[in-house]
Amino acid sequence: MSKNVLVTGGAGYIGSHTVLQLLLDGYRVVVVDNLDNSSDVAIERVEELAGELAKNLSFHKVDLRDRQALEEVFAETKFDAVIHFAGLKAVGESVHKPLLYYDNNLIGTITLLETMAAHGCKNLVFSSSATVYGWPKEVPCTEEFPLAAANPYGRTKLFIEEICQDLRRSDSEWKIILLRYFNPVGAHPSGYIGEDPRGTPNNLMPFVQQVAIGRQPALTVFGNNYSTKDGTGVRDYIHIVDLADGHIAALRKLSDPKIGCEVYNLGTGKGTSVLEMVAAFEKASGKKIPLVMAGRRPGDVETVYASTKKAEHELNWKAKYGIEEMCRDQWNWASKNPYGYASPNLN
Ligand code: NAD
Ligand code: WQD
């Protein structure tokens with residue numbers, strides 16, 4: 001019998017790609033999302049891509065902090081596991097509105113965990129972030145590295161990781177996997193779903209994509225005097241479809257009786273600079289990306305990339321795609337949907 005999975009934040013960037021992979025893998029999926037940072041068009045597109053399997057997907061516009069509404073979702077379906085993406089993620093906004101972040105991310109998660117426990121569903125996969133490594137003393141980052149948070153957003157990830165560890169210590173029925181994502185980019189190869197940030201993008205590739213389609217005049221490069229190959233920041237970019245598949249590997253791992261509360265990095269293990277990423281995107285798109293060199297962005301770190309050993313050995317998962325495919329699929333999505341899900345004359 002196929003398994004029922006609740007996906008919180010399933011209309012968002014990572015959520016929508018993961019929901020599609022889950023459906024294609026034979027799971028039945030219920031999405032809850034308040035659509036604060038996403039569009040229901042993403043869910044419709046996932047349904048189109050899933051074809052026949054779309055019958056196994058249902059969507060509820062619910063805020064995780066709405067205990068009653070969440071309770072109704074759990075009363076309707078017995079879930080085998082929950083993948084918890086729902087949360088706010090803009091680093092800069094979190095500095096200006098810390099209470100909004102603590103309320104949404106922490107209260108949302110606690111309400112979810114309480115509702116799960118009340119319904120006897122104690123299997124969880126949680127979206128953590130490489131942000132918890134702060135400015136690492138060395139790279140690649142292994143899961144055992146000391147953790148640090150540079151902003152309220154990062155602190156919500158640290159707190160939730162700790163909450164999950166405490167929960168498992170209090171009750172051995174809980175099985176929890178904390179996934180630390182590095183930098184997810186790209187889109188589904190169909191160009192039907194992708195990242196659609198509201199307002200001016202904070203992250204590199206959504207910004208580059210908007211320069212390519214003429215919505216922004218130039219990319220501001222934040223710092224070119226780091227001790228890196230070309231002076232610009234180095235990150236571990238991971239194709240969104242690889243990341244989505246990592247969640248299926250994590251779900252499978254939850255049925256391992258030895259699992260308690262375990263942490264895994266999801267990255268490629270390769271570091272790429274801003275200028276290398278721009279060059280790869282220019283090649284994939286045939287578009288010139290004008291650059292403006294600027295000072296370092298406050299809070300930025302120099303070099304971060306993942307050790308992928310633990311995920312490879314224990315989850316039996318490894319990223320398949322490189323930056324060429326990431327840029328190709330990012331451009332395919334951007335050129336088909338220059339205004340994201342609000343684009344006219346779609347595809
Ligand atoms: P996203 O904003 O596209 O998706 C998050 C979804 O959660 C959105 O659809 C939003 O409407 C929903 N949501 C937020 N608060 C909610 C609430 N209280 N109740 C119900 N729904 C709510 O972001 P994403 O990039 O898909 O990220 C998903 C998760 O992964 C987040 O927890 C994020 O912090 C984490 N993460 C993202 C990145 C990244 O670079 N994208 C990196 C590391 C970790
Ligand atoms: C990548 C590189 C920038 C924009 C952030 C969060 C992190 C995680 C992923 C959620 C850096 C440079 C960027 C621009 C630039 N999210 N850059 N010009 O900072 O690694 O991580 O997203 O958990 O928590 O902090 O990603 O894409 O913003 O930046 O030069 O307009 O691109 O300085 O070197 P980052 P990013």
Side-chain angles (χ1 to χ4, degrees), residues 7-18 31-40 42-43 60-66 69-70 83-92 94 100-101 103-109 111-112 126-134 149-151 153-154 156-157 160 179-185 194-198 200-208 210-211 216 218-224 226 228 232-238 240 243-244 247 266-267 271-275 277-278 291-305:
V7 179
T8 77
Y13 174 44
I14 307 174
S16 55
H17 289 80
T18 304
V31 169
V32 295
D33 196 305
N34 63 7
L35 300 180
D36 266 12
N37 196 39
S38 51
S39 159
D40 54 3
I43 297 290
H60 301 269
K61 185 172 183 298
V62 162
D63 189 299
L64 281 188
R65 294 162 294 178
D66 182 345
L70 195 59
I83 305 182
H84 176 32
F85 294 107
L88 297 173
K89 62 163 183 178
V91 170
S94 81
L100 175 68
Y101 274 67
D103 180 48
N104 192 82
N105 294 6
L106 297 180
I107 307 294
T109 300
T111 309
L112 173 68
F126 172 65
S127 304
S128 189
S129 167
T131 194
V132 300
Y133 293 118
N151 51 65
Y153 165 71
T156 68
K157 294 297 178 196
I160 296 169
L179 295 176
R180 293 185 184 145
Y181 313 148
F182 283 68
N183 290 56
V185 297
E195 186 169 12
D196 183 16
R198 300 212 163 147
T200 307
N202 300 309
N203 299 114
L204 179 66
M205 292 314 284
F207 201 100
V208 167
Q210 291 203 0
V211 175
Q216 302 286 347
L219 172 73
T220 304
V221 176
F222 297 135
N224 59 356
Y226 287 109
T228 59
T232 63
V234 167
R235 297 291 184 275
D236 186 339
Y237 298 94
I238 173 168
I240 186 70
L243 190 77
H247 291 77
L266 293 184
T272 305
S273 74
V274 174
L275 296 183
M277 211 55 192
V278 169
L291 303 179
V292 175
M293 294 300 169
R296 296 180 177 191
R297 184 171 62 177
D300 261 358
V301 300
E302 185 166 278
T303 299
V304 183
Y305 54 89

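Both counts, for ligands and for their atoms, begin at 1 and track the order of listing.
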Counting only N and O atoms by type, is there a donor-acceptor contact under 3.5 Å from the side chain of Arg198 to the main-chain atoms of Asp36?
-> yes
For the side chain of Asn105 and the backbone of Lys157, is there at least one donor-acceptor N/O pair under 3.5 Å apart?
-> no
Atoms of ligand 2, numbered as shown, that sit under 4.0 Å from any heavy atom of [X]:
| X | answer |
| --- | --- |
| Val221 | 30 (O) |
| Thr220 | 14 (C), 15 (C), 18 (N), 30 (O), 31 (O) |
| Gly233 | 34 (O) |
| Ser129 | 10 (C), 23 (O), 24 (O) |
| Asn202 | 4 (C), 28 (O) |

Option whose closest heavy atom lies nearest to [atom], chosen from [options]:
| atom | options | value |
| --- | --- | --- |
| atom 12 (C) of ligand 1 | Val132, Asp33, Asp66, Thr109 | Asp33 |
| atom 19 (O) of ligand 2 | Arg297, Glu302, Arg235 | Arg297 |
| atom 35 (C) of ligand 1 | Gly15, Gly154, Ser127 | Ser127 |
| atom 23 (O) of ligand 1 | Lys157, Arg235, Lys89, Met205 | Lys89 |
| atom 14 (C) of ligand 2 | Tyr153, Phe222, Phe207, Tyr133 | Phe222 |

Nitrogen or oxygen atoms of [X] and ligand 1 under 3.5 Å apart:
| X | result |
| --- | --- |
| Ile14 | yes |
| Leu88 | no |
| Ser128 | no |

Establish, from distance only, whether the side-chain atoms of Arg65 and Asn104 form a donor-acceptor pair under 3.5 Å.
-> yes
For residues Ser38 and Asp33, is any side-chain donor paired with an opposing acceptor at under 3.5 Å?
-> yes
Can you tell which part of [X] has a heavy atom less than 4.0 Å from ligand 2: side chain, backbone, both or neither?
| X | answer |
| --- | --- |
| Leu204 | both |
| Val91 | side chain |
| Leu219 | side chain |
| Tyr237 | side chain |

Classify the angle between the aromatic ring planes of Tyr101 and Tyr153 as parallel (below 30°), tilted (30 to 60°) or perpendicular (above 60°).
-> perpendicular
In the structure I gave you, are the side-chain heavy atoms of [X] and [Y] within less than 4.5 Å of one another anywhere?
| X | Y | result |
| --- | --- | --- |
| Met277 | Val208 | no |
| Leu70 | Leu64 | yes |
| Val7 | Phe85 | yes |
| Asn183 | Met205 | no |

How far does [atom1] of [X] sit from [atom2] of [Y], to the nearest 0.5 angstrom?
| X | Y | atom1 | atom2 | answer |
| --- | --- | --- | --- | --- |
| Glu195 | Ser16 | CD | OG | 9.5 Å |
| Leu266 | Asp236 | CG | CG | 10.0 Å |
| Asp103 | Thr156 | CG | OG1 | 11.5 Å |
| Thr8 | His60 | OG1 | NE2 | 13.0 Å |
| Tyr226 | Thr303 | OH | OG1 | 9.0 Å |
| Phe126 | Ile160 | CZ | CD1 | 4.0 Å |

What protein heavy atom is closest to [atom], reported as residue, atom name and distance in Å?
| atom | answer |
| --- | --- |
| atom 40 (O) of ligand 1 | Pro184 CD, 3.4 Å |
| atom 2 (O) of ligand 1 | Asn37 ND2, 2.6 Å |
| atom 19 (N) of ligand 1 | Leu64 N, 3.0 Å |
| atom 12 (C) of ligand 2 | Val274 CG2, 3.7 Å |
| atom 3 (C) of ligand 2 | Asp300 OD2, 3.4 Å |
| atom 14 (C) of ligand 1 | Gly87 N, 3.3 Å |
| atom 15 (N) of ligand 1 | Asn104 ND2, 3.0 Å |
| atom 31 (C) of ligand 1 | Phe85 O, 3.1 Å |
| atom 21 (O) of ligand 2 | Asn183 ND2, 3.9 Å |
| atom 34 (O) of ligand 1 | Tyr153 OH, 2.6 Å |
| atom 24 (O) of ligand 2 | Thr131 CB, 3.3 Å |
| atom 17 (C) of ligand 1 | Asn34 ND2, 3.3 Å |

Can you find an N/O atom of Asn203 closer than 3.5 Å to an N/O atom of ligand 2?
-> yes
Working for side chain to side chain contact (heavy atoms under 4.5 Å, CB included), residues Asp40 and Leu35 | CA-CA 7 Å; Asp40 54 3; Leu35 300 180; 4.0 Å; yes
Measure the distances from the heavy atoms of Asn105 to every atom of ligand 1 and state whether one is below 4.0 angstrom.
-> no
Under 4.0 Å from a heavy atom of [X]: which atoms of ligand 1 are those, numbered in the order shown and with their elements?
| X | value |
| --- | --- |
| Val62 | 19 (N), 20 (C) |
| Asp36 | 11 (O) |
| Ser129 | 43 (C), 44 (C) |

With heavy atoms and a 4.0 Å threshold, my read on which part of Leu35 contacts ligand 1 is backbone
Could you walk me through whether Phe207 and Thr200 pass the side chain to side chain contact (heavy atoms under 4.5 Å, CB included) check?
-> CA-CA 8 Å; Phe207 201 100; Thr200 307; 3.8 Å; yes
Can you tell which of Thr228, Asn224, Leu291 makes a side-chain contact (heavy atoms from CB on, under 4.5 Å) with Leu275?
-> Leu291
Just one of Val185, Val301, Leu204 clears the side-chain contact (heavy atoms from CB on, under 4.5 Å) bar with Arg235, so which one?
-> Val301
Between Tyr181 and His247, does the ring centre distance come in under 6.0 Å?
-> yes
